There are 2 protein chains.
Amino acid sequence: MPSARTDEDLAGALRARGLRVTPQRLVIHRVLRDRAGHATAEQVLREVAPALPNVSLPTVYATLALLERLGAVRRVSAPGDRAVYDTRTDPHHHIYCRECGAVADLEAPLDPGTALRAAERVGFRPDWAELTLTGTCARCAAAQPTRADTTAK
Amino acid sequence: MPSARTDEDLAGALRARGLRVTPQRLVIHRVLRDRAGHATAEQVLREVAPALPNVSLPTVYATLALLERLGAVRRVSAPGDRAVYDTRTDPHHHIYCRECGAVADLEAPLDPGTALRAAERVGFRPDWAELTLTGTCARCAAAQPTRADTTAK
DNA sequence: CTTTTTGCAAATGATTTGCATTAAC
DNA sequence: GTTAATGCAAATCATTTGCAAAAAG
């Protein structure tokens with residue numbers, strides 16, 4: 001049920017809930033689905049513009065929120081500021097660079113079983129688990145040598 | 001090195017970097033250290049007020065950012081909106097409720113070893129790993145029955 | 001036709017910034 | 001005394017909201 005993979009899937013999910021199938025919804029979903037990485041709302045707007053020059057940012061936000069409710073898109077909130085969205089549904093994790101704020105996917109197995117069970121024991125109903133590694137990305141690490149703790153200024 | 005546990009530790013860390021030891025910095029750090037859970041900047045302001053009635057929100061933010069740089073405090077960005085801060089240094093995770101936006105700690109073991117190694121293999125230098133479980137908290141689950149996927153509208 | 005969506009403009013709310021004043025050292 | 005920190009007011013910026021016009025069903 002979650003995550004529509006094709007335009008038809010999405011259209012079906014929308015109709016099933018009495019929601020309307022609009023070009024904005026189809027295109028925004030398509031753009032996110034066909035992207036490599038994550039996208040901010042602003043990026044989505046830019047990438048949707050060629051197909052629909054008049055979409056507005058509020059519509060992008062509203063649509064992303066709707067797609068999230070449908071389970072077709074996931075909102076990943078960067079430890080920093082703006083949120084990013086993606087359509088991946090397979091287990092994967094994120095690395096976040098403190099320096100430049102970049103968020104990237106990380107392929108790695110992880111067994112959150114114990115944590116999930118612990119959460120359920122507290123009455124929490126988890127539907128998603130993701131690991132976030134915080135640190136310094138390769139690019140930023142190269143820029144500032146070894147960040148010796150004593151060299152501060 | 002990271003995470004000053006006492007006022008003296010913090011004072012020392014500040015002096016070591018040529019930074020000044022101010023009551024604001026000491027009190028804000030103390031308040032966060034002695035708290036149970038997480039606190040937003042606004043909460044910190046409120047709790048610091050009794051001791052220092054004139055502290056301003058900008059100072060709270062600046063100080064929290066400084067303490068984060070010193071490794072004395074960690075900023076946890078809720079998948080939702082406002083960031084929360086805490087002084088915990090032991091491995092723990094977070095559960096985030098989509099409905100009400102609440103963030104809570106979760107005690108559970110987890111071995112991020114493989115993920116850390118995968119990140120390093122890509123040139124990333126991780127300094128922190130945390131698991132975030134997203135779902136519905138007990139309170140909200142009680143409010144809205146079972147959220148059957150077909151009952152929407 | 002009726003009701004949902006859209007686009008626009010304006011609002012919101014957290015976090016930041018500019019700057020003169022005050023406090024550390 | 002000097003220079004960094006503070007407090008205040010104003011600025012930013014992502015995200016939301018109100019509403020009339022446009023589009024879906």
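Computed from a predicted model, the values in this text were never measured in an experiment. To find a chain, count down the sequence lines: A is the first, B the second, and so on, and within it residues start at 1.
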With heavy atoms under 4.0 Å as the rule, sort B:Pro23 into base, sugar-phosphate or nothing.
-> sugar-phosphate
Counting only side-chain N and O atoms of B:Thr63, is one of them less than 4.0 Å from OP1 or OP2 of D:dA5?
-> no
Closest nucleotide among C:dC25, C:dT15, D:dA5 to the B:Leu19 side chain = D:dA5
Of the candidates D:dT15, D:dG7, C:dT6, the side chain of B:Asn54 sits closest to D:dG7
Residues A:Ala118 and B:Glu107: closest non-hydrogen pair is CB-O, 3.8 Å
Determine whether A:Val122 and B:Val76 fall in the same hydrophobic cluster, where Ile, Leu, Val, Met, Phe, Trp and Tyr are linked whenever their side-chain heavy atoms lie under 4.5 Å apart.
-> no
Under-4.0 Å salt bridge between B:Asp86 and B:Arg35 = no
Whole-Å distance, B:Leu14 CG to D:dT3 C1', equals 16 Å
Gap between atoms CZ and P, on B:Arg46 and C:dA14 respectively (whole Å) | 11 Å
Closest contact, heavy atoms only, A:Thr6 versus A:Arg33 = C-NH2, 4.0 Å
Figure out the CD/P separation between A:Glu68 and D:dT16, and round it to whole Å.
-> 10 Å
Between the base of C:dT3 and the side chain of A:Arg20, is there any donor-acceptor pair under 3.5 Å?
-> yes
Whole Å only: how far is the CG atom of A:Leu26 from the C1' atom of C:dT5?
-> 13 Å
Take atom CD of A:Glu42 and atom P of D:dT16, then tell me their distance rounded to the nearest Å.
-> 14 Å
Please examine the side chains of B:Leu131 and B:Leu133, heavy atoms only from C-beta on, and report whether any two atoms are closer than 4.5 Å.
-> yes
Round to a whole Å and report the spacing from CG of A:Leu45 to C1' of D:dC13.
-> 15 Å
Does a nitrogen or oxygen in the side chain of B:Thr59 sit under 4.0 Å from OP1 or OP2 of D:dG7?
-> yes
Using a cut-off of less than 4.0 Å, is there contact between a side-chain N or O of A:Thr22 and OP1 or OP2 of D:dA23?
-> no
Minimum-distance nucleotide (side-chain atoms of B:Tyr61 versus D:dT15, C:dT15, C:dT6) | C:dT15
B:Ser56 has a side chain; which of C:dA9, D:dA5, D:dG7 sits nearest to it?
-> D:dG7
Among the nucleotides D:dG7, D:dA24, D:dA14, which one has an atom lying closest to any side-chain atom of B:Val55?
-> D:dG7
Assign each of A:Leu52 and B:Tyr85 the nucleotide of DNA chain C bearing its closest heavy atom; nearer the 5' end lies the nucleotide of A:Leu52
Nearest-nucleotide pick for B:Gln24, side chain only, options being D:dT16, D:dT6, C:dT6 = D:dT6
Interatomic distance where CG belongs to A:Leu57 and C1' belongs to D:dT17 [whole Å] | 14 Å
Show the numbers, then the answer: is there a side chain to side chain donor-acceptor pair (under 3.5 Å) between B:His38 and B:Asp105?
-> CA-CA 9 Å; B:His38 309 105; B:Asp105 281 345; 2.8 Å; yes
Between atom CZ in B:Arg25 and atom C1' in C:dC25, what is the gap in whole Å?
-> 13 Å
So which nucleotide from D:dA14, C:dT15, D:dC8 ends up closest to the side chain of A:Arg82?
-> D:dA14
